[in-house]
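Position 1 is the first residue of the sequence, and the numbers go up from there. Quick caveat, the model's predicted, so the values are computed rather than measured.
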Amino acid sequence: DLEKLQKDGLFQGYTWVVFTIIVFQAITGLLVGFVMKYADAVLKGFATSVAVVLATILSIVIFHDNVNMLFLVGSALVILAVRTYTNNPPVVSGGEAKSDAK
């Protein structure tokens, strides 16, 4: 394998699909880092869930994948959970809604 690696390079066999996946994973990592810096763990969980849903939707559009009913139910639950959390911010002691603004 070393000879083939030296001859053809590190990225031999990579296609546009592989590069697309790498770019999406890099963007996801940056977004998770941003969320962890400015938000709490619950929002990180929501961000990860939304990222999975969006990545699946992109794979449907780009790669013409099929989804089943279980994915649709899960996506609906993720969207419902995010909407519920954003419409009802958590309350800290003292009765005021928690503000993430810094």
Side-chain angles (χ1 to χ4, degrees):
D1 288 340
L2 180 61
E3 293 84 22
K4 188 164 179 80
L5 183 65
Q6 289 173 339
K7 178 181 174 233
D8 296 329
L10 182 64
F11 299 108
Q12 61 183 340
Y14 279 38
T15 64
W16 67 272
V17 174
V18 175
F19 281 113
T20 303
I21 291 170
I22 291 170
V23 168
F24 283 152
Q25 291 298 323
I27 291 170
T28 300
L30 292 173
L31 290 175
V32 168
F34 179 78
V35 168
M36 288 303 291
K37 182 174 182 179
Y38 294 106
D40 60 6
V42 174
L43 286 179
K44 185 232 180 238
F46 284 143
T48 303
S49 301
V50 170
V52 168
V53 171
L54 290 177
T56 304
I57 290 170
L58 282 173
S59 72
I60 292 168
V61 172
I62 295 171
F63 307 121
H64 307 292
D65 286 342
N66 295 325
V67 295
N68 58 17
M69 185 57 84
L70 189 60
F71 173 77
L72 295 175
V73 171
S75 297
L77 288 174
V78 165
I79 292 167
L80 179 65
V82 170
R83 184 165 185 223
T84 301
Y85 184 79
T86 56
N87 288 340
N88 303 306
V91 177
V92 294
S93 61
E96 294 182 14
K98 178 182 173 186
S99 173
D100 289 329
K102 302 217 177 200

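In this structure, CD1 on Ile57 lies 5.5 Å from CZ on Phe71, to the nearest 0.5 angstrom. Rounded to the nearest 0.5 Å, atoms CG (Asn88) and CZ (Arg83) are 10.0 Å apart. For the atom pair OG1 of Thr84 and CG of Leu77, the computed distance is 10.0 Å after rounding to the nearest 0.5 Å. Taken to the nearest 0.5 Å, the CZ atom of Phe11 stands 10.5 Å off from the CG atom of Leu5. In this structure, OG in Ser75 is found 12.5 Å from CG in Leu80, a value given to the nearest 0.5 Å.
Hydrophobic clustering of Ile, Leu, Val, Met, Phe, Trp and Tyr side chains at less than 4.5 Å, counting indirect connections, keeps Ile60 apart from Val17. Val53 and Tyr85 end up in the same hydrophobic cluster when Ile, Leu, Val, Met, Phe, Trp and Tyr side chains are linked at under 4.5 Å. Residues Phe24 and Ile21 fall within the same hydrophobic cluster, defined by Ile, Leu, Val, Met, Phe, Trp and Tyr side chains chained together at heavy-atom separations under 4.5 Å. Under the 4.5 Å side-chain heavy-atom criterion for grouping Ile, Leu, Val, Met, Phe, Trp and Tyr, Trp16 is not connected to Val61 through any hydrophobic cluster.
The shortest side-chain heavy-atom distance between Thr20 and Val23 does not fall under the 4.5 Å cut-off. Side chains of Leu54 and Leu58 form no contact here, defined as non-hydrogen atoms less than 4.5 Å apart.
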When you look at Ile79 and Val82, which way does the side chain to side chain contact (heavy atoms under 4.5 Å, CB included) test go after all the steps?
-> CA-CA 5 Å; Ile79 292 167; Val82 170; 5.9 Å; no
